[in-house]
Protein chains: 2
Amino acid sequence: MRKRATAREVADAAGVSKWTVIRAFTPGASIAEESKRKVLEAAAALNYTPNLLARSLATNSTHQVAVFVDDFANPQKLPFLETLTERLQAEGLVAVLININTHFDHVHALLHADQRQVDAVILFGTAFRSETLNDLQFGRGTPPMFVLARDSQIEGVPAVTCDAELALREIVDHLFERGYRRPGFMTGATVLSTALRRRQHFVDFWGEKGVDDVAVFSAEKYSAEAGAEAVRGYLKETDPADRVDVLMCENDILALGAMDEIRDRFGLRVPEDMAVVGFDNYELCGSSAYSLTTYEQPRDEMVEVIVGIITGRLEPETVTLPGTLVVRNST
Amino acid sequence: MRKRATAREVADAAGVSKWTVIRAFTPGASIAEESKRKVLEAAAALNYTPNLLARSLATNSTHQVAVFVDDFANPQKLPFLETLTERLQAEGLVAVLININTHFDHVHALLHADQRQVDAVILFGTAFRSETLNDLQFGRGTPPMFVLARDSQIEGVPAVTCDAELALREIVDHLFERGYRRPGFMTGATVLSTALRRRQHFVDFWGEKGVDDVAVFSAEKYSAEAGAEAVRGYLKETDPADRVDVLMCENDILALGAMDEIRDRFGLRVPEDMAVVGFDNYELCGSSAYSLTTYEQPRDEMVEVIVGIITGRLEPETVTLPGTLVVRNST
DNA sequence: TTGTACGCGTTATCAC
DNA sequence: GTGATAACGCGTACAA
């Protein structure tokens, strides 16, 4: 396992200077055909490839984008990561996946990413509390930050999101039309959920319809199990006559857990006894075992926009994109 | 958005040489208390932090690990990524997530990762065809490679996997004991599935029990939809009297798709008319809507081992770890 | 078209 | 304990 070949070695082998070697590997550089051929030959023989690390140091651009994630329970993250990495790679960028949790919080991660000289930071579905940034001299050396799939709560940090207002309006309209009148809303972790605005819009739009009483309760975290527990607590404590007739959950995972509990543990029918709505349109929502009505985020477009912003094609400003209501049998 | 401060600037501000600045940021370096204090003060004022990029160039170690992924359809990938990133970060390493697909194949990705000087490459559940490596001067500049959650098909590349032989033995024993005698197996993409060995062991162990007829068919890819389609084709073509009484699927996602089809489209009962088994123990397998019997991979241990190998604590050799059979209502 | 200085920000090593 | 020299591998000027 020898050391890598360097431009210098290739230069010696090809009988040119190392700068000529560099030119051979720089698209559009002015270099003679003959020299280029000689260089590429020698490079192939020595198995030389440019050292991107050294290049990054010299050009002050790593072509790396840090992606912060703090919630791995939502399977919806996976297809997002798929298209995100694919689009980034198509632009010559690469994603550094950073797991934010108690051992490695936002500030540490940001500092670390900064030290790594990443070109940008994407807060993917993480709730970045504004206060955590006060310790940092913001905008000073810190790489440009963007929020994906959550509202930004920080001045100067743009977000690319699904249009929550439009989404909840469509959902509430749909539910009202179907005749539901006693709505409930299950949030996930309350700190995060403020960044989604879904609950607020849900309550507001029901208000516009003259329904002011929206039952709101909260799951411990974003998981099927937590969703099941939360609905169990609600159903136990609530007199059957007072129960909601439709339960909207902040995301699909909560909704699926809730459905299990409602149907199999309490023996209620969905949607006859209680309808359920999710958010995200995770693959299994469409399965016949659930057939969950939900709202699909415009994933490809969102990724396209955030990559466009990072590469400079688009203005770095908050963008809100319309999604699609997917009506199934749970309503 | 000024440029980052450098050690040189801090040195000037603190009235020392830049090497003293470096020492102040090097744990265990010999430096006077007084100097250190002065340096740290100046550094804080200028908001200086060491440039990890330059450090990597000088030390020839980036503390970055490339993680190759080619199948984002399996939600099981997510918790794996969660613990993997967490454990890597605990060791001061960071994961670069590389999406392998037709536009960015293994060879390109490996070349790219190599140019980025990553410390190691993890092939996470990807099937690396041995031939693709022949183009490369293997072991020459290429960073150390390891396979996670798949068998390695390459000489000299260790793999960390769940013990497929033990797993399938337990599964077949369980099924035999329950009285099933007409087993079937659904593979995913056949190229990949050879790297899992599950089918082979399944067939072998039934053979040991005197059951030589195992129906085998294949889904197009690893997704619920593909699993449903595959089982639909099978059920349509097969006379009810000849049908298998238990269907094992290569992973949970295929199994869930299959269950939907079996129950809701063909009106068969699971497990009375046809039992179903998956593999991975994805969260929703435990939901009451499915209650799928499956086999849980020892995720934490697998991650622990591969991180141990990468950090040099453990020998770089293939490791096979035992998982856990999870019996539910689908058998 | 090609070669020369110099810089990117850090670390390793040695002299003081 | 501190400063200086060289090196990591490549890029940007600029001059030849």
Side-chain angles (χ1 to χ4, degrees), chain A residues 2-40 42-43 46-64 92 112 114-119 141 143, chain B residues 2-40 42-43 46-64 92 112 114-119 141 143:
Chain A
R2 261 185 47 211
K3 267 175 58 72
R4 299 170 49 87
T6 84
R8 169 73 209 204
E9 298 178 55
V10 176
D12 289 349
V16 297
S17 73
K18 80 168 188 185
W19 294 273
T20 305
V21 175
I22 305 277
R23 288 191 183 96
F25 283 90
T26 307
S30 87
I31 180 176
E33 266 310 313
E34 174 63 10
S35 310
K36 185 163 184 175
R37 195 189 50 73
K38 276 197 303 187
V39 169
L40 292 183
L46 292 172
N47 212 314
Y48 166 83
T49 49
N51 182 331
L52 260 37
L53 199 57
R55 174 179 294 178
S56 295
L57 184 59
T59 60
N60 200 25
S61 153
T62 56
H63 292 273
Q64 298 199 142
H112 187 84
D114 182 30
Q115 294 183 52
R116 290 231 185 234
Q117 316 291 101
V118 299
D119 290 351
Chain B
R2 259 184 48 212
K3 267 177 58 72
R4 301 171 49 88
T6 84
R8 168 75 210 202
E9 298 177 53
V10 176
D12 289 348
V16 297
S17 74
K18 72 175 183 181
W19 296 277
T20 303
V21 173
I22 304 281
R23 287 193 183 94
F25 282 91
T26 307
S30 86
I31 181 176
E33 268 309 314
E34 174 63 9
S35 309
K36 185 163 184 174
R37 195 188 50 72
K38 276 197 304 187
V39 169
L40 292 183
L46 293 172
N47 212 314
Y48 165 83
T49 50
N51 183 331
L52 260 37
L53 202 56
R55 173 179 297 176
S56 295
L57 183 60
T59 59
N60 201 25
S61 151
T62 56
H63 293 274
Q64 297 200 143
H112 186 84
D114 181 30
Q115 294 183 52
R116 291 234 184 232
Q117 316 291 99
V118 298
D119 289 351

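Chain letters run A, B, ... following the sequence lines, proteins first and then strands; every chain starts at 1.
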ask   = Does B/Asn51 reach the side chain of B/Thr6, with side-chain heavy atoms less than 4.5 Å apart?
value = no
note = Note: B/Ser56 and A/Leu53 closest approach over all heavy atoms is CB-CD2, 3.6 Å
task = Kindly point out which of C/dT1, D/dT2, C/dG9 is positioned nearest to the side chain of B/Ala54?
result = C/dG9
key: Test item: A/Arg116 and A/Thr62 side chains (from C-beta on) under 4.5 Å apart, heavy atoms   = no
ask   = If we only count heavy atoms from C-beta on, is the A/Lys38 to A/Glu34 side-chain gap below 4.5 Å?
value = yes
query = Between C/dT2 atom C1' and A/Glu33 atom CD, what is the distance in whole Å?
reply = 16 Å
task = Give B/Thr6 one of three labels, base, sugar-phosphate or nothing, depending on what nucleic acid heavy atoms sit under 4.0 Å from its own.
result = sugar-phosphate
ask   = Given atom CG of B/Leu53 and atom C1' of C/dT10, what is their separation to the nearest angstrom?
value = 10 Å
inquiry  = Mind checking if A/Leu57 touches a base, just sugar-phosphate, or nothing, with heavy atoms under 4.0 Å?
reply    = base
query = For the side chain of A/Ala58, counting heavy atoms from C-beta on, which of D/dT2, C/dT2, D/dG9 is nearest?
reply = D/dG9
remark   = Result for 5'-nearest mapping on DNA chain D, choosing between B/Gln117 and B/Lys36, is B/Lys36
key: Minimum heavy-atom distance A/Val10-A/Ala43, with the two atoms named   = CG1-N, 3.9 Å
ask   = Rounded to the nearest Å, what distance is computed from the NZ atom of residue A/Lys18 to the C1' atom of nucleotide D/dA7?
value = 11 Å
message = Quiz question: going by heavy-atom distance under 3.5 Å, is there a donor-acceptor pair between the base of D/dG3 and the side chain of B/Arg23?
response = yes
request  = Tell me what B/Ser35 touches on the nucleic acid: a base, only sugar-phosphate, or nothing, going by heavy atoms under 4.0 Å.
outcome  = sugar-phosphate
query = In terms of side-chain heavy atoms of B/Tyr48, which of D/dG11, D/dT2, C/dT10 is nearest?
reply = C/dT10
ask   = Can you check the A/Asn51 CG to D/dG9 C1' distance for me, whole Å?
value = 6 Å
request  = Starting from C1' on C/dC8, measure out to CD1 on B/Ile22 and report it in whole angstrom.
outcome  = 13 Å
key: Under 4.0 angstrom between B/Thr20 side-chain N/O and D/dG3 OP1 or OP2   = yes
task = Could you check how far CZ of A/Arg116 sits from C1' of C/dT10, rounded to whole Å?
result = 14 Å
inquiry  = So for B/Trp19 and D/dT5, does any side-chain atom that can act as donor or acceptor lie under 3.5 Å from a complementary atom in the base?
reply    = yes
request  = Calculate the interatomic distance between A/Arg37 atom CZ and C/dT2 atom C1'; express it in whole Å.
outcome  = 17 Å
task = Return the value, rounded to whole Å, for the distance between atom CG of A/Asn60 and atom P of D/dC10.
result = 18 Å
